[in-house]
**Student:** 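Questions regarding the structure given below will be posed in turn.
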Amino acid sequence: MTFTKLILALACFMSVTLVAQEAKVTQEAKVTQLLSKDLTNLPGKEGLMITVDYPPGSSDPVHRHNAHAFVYVLEGSVVMQVRGGKQVTLTPGQTFYEGPDDVHVVGRNASDTKPAKFLVFLVKDKGAPILVPAK
């Protein structure tokens, strides 16, 4: 292989690597709504059940839910932390709680190579958004 071909081959490889890294950074979690139910004994409140699929290496922006959020890890490993709380790494069968006043400062897939999935049950104001950006 000539020197020029070697340089071109390396440039192509580096371009593909950079595109792959950029794609990884921009992957977002997939949220699937499973159930929404008015809580008749709690006027104005609803229960909402969702699953969140984290692609490898993905993370959430800082946010809050303005709800009680009960998390149950189904697959993979996730890292969670609320402001003022301890950062934890959760595996299948483990749980996490966020209160209505908590700000979720860390939410990410612990793996850069394997997906993760968790179930969330929210008790929130009826019609309120699931997630609200926070600082």
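Computed from a predicted structure; not experimentally measured.
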**Student:** For a quick test of your reading: what N or O donor-acceptor pairs under 3.5 Å do the side chains of residues 42-57 make, sequence neighbours left out?
**Tutor:**
unit_1: Lys45; atom_1: NZ; unit_2: Asp125; atom_2: OD1; d: 2.6
unit_1: Glu46; atom_1: OE1; unit_2: Ser36; atom_2: OG; d: 2.9
unit_1: Glu46; atom_1: OE2; unit_2: Lys124; atom_2: NZ; d: 2.5
unit_1: Glu46; atom_1: OE2; unit_2: Gly127; atom_2: N; d: 3.1
unit_1: Tyr54; atom_1: OH; unit_2: Asp60; atom_2: OD2; d: 2.5
unit_1: Tyr54; atom_1: OH; unit_2: Gly107; atom_2: O; d: 3.3

**Student:** Got a sec, which residues hit ring pair (Phe, Tyr, Trp, His ring centres under 6.0 Å) with His63, two or more places apart in sequence or on another chain?
**Tutor:** His65, His104
**Student:** Give me the atom names and distance for the closest heavy-atom approach of Leu122 to Ile130.
**Tutor:** CD1-CG2, 3.9 Å
**Student:** Determine whether Val123 and Leu39 make a side-chain contact, defined as any pair of heavy atoms from C-beta on separated by less than 4.5 Å.
**Tutor:** yes
**Student:** Run the side chain to side chain contact (heavy atoms under 4.5 Å, CB included) check on Leu119 and Leu34 step by step: do they pass?
**Tutor:** CA-CA 10 Å; Leu119 175 74; Leu34 303 174; 3.6 Å; yes
**Student:** Using the side chain to side chain donor-acceptor pair (under 3.5 Å) criterion, which residues pair with Arg64? Sequence neighbours excluded.
**Tutor:** Asn66
**Student:** Could you state whether Val31 and Val73 fall into the same hydrophobic cluster, counting links through intermediate Ile, Leu, Val, Met, Phe, Trp or Tyr residues with side-chain heavy atoms under 4.5 angstrom apart?
**Tutor:** yes
**Student:** Step by step, would you call Val82 with Phe96 a side chain to side chain contact (heavy atoms under 4.5 Å, CB included)?
**Tutor:** CA-CA 10 Å; Val82 295; Phe96 187 77; 4.0 Å; yes
**Student:** With sequence neighbours excluded, what pairs up with Thr89 under the side chain to side chain contact (heavy atoms under 4.5 Å, CB included) test?
**Tutor:** Ser77, Val79, Ala110
**Student:** Under the rule for side chain to side chain donor-acceptor pair (under 3.5 Å), what residues qualify as partners of Thr91, not counting sequence neighbours?
**Tutor:** Gln94
**Student:** For Met80 and Phe118, work out which heavy atoms get closest and say how close.
**Tutor:** CE-CZ, 3.7 Å
**Student:** Applying salt bridge (Lys or Arg N to Asp or Glu O under 4.0 Å), name anything that partners Lys126, two or more places apart in sequence or on another chain.
**Tutor:** Asp38
**Student:** Side chains of Arg108 and Ser58, heavy atoms from C-beta outward: is any pair under 4.5 Å?
**Tutor:** no
**Student:** Listed by chain and number, what are the side chain to side chain contact (heavy atoms under 4.5 Å, CB included) partners of Glu75, not counting sequence neighbours?
**Tutor:** Lys117
**Student:** Which residues pass the ring pair (Phe, Tyr, Trp, His ring centres under 6.0 Å) test with Phe70, not counting sequence neighbours?
**Tutor:** Tyr97
**Student:** Could you pull out the closest heavy-atom pair between Val105 and Val62, with the gap in Å?
**Tutor:** O-CG2, 4.0 Å
**Student:** Could I get the full list of side chain to side chain donor-acceptor pair (under 3.5 Å) partners for Thr113, not counting sequence neighbours?
**Tutor:** Ser111
**Student:** Salt bridge (Lys or Arg N to Asp or Glu O under 4.0 Å): which pairs involve residues 81-107, sequence neighbours left out?
**Tutor:** none
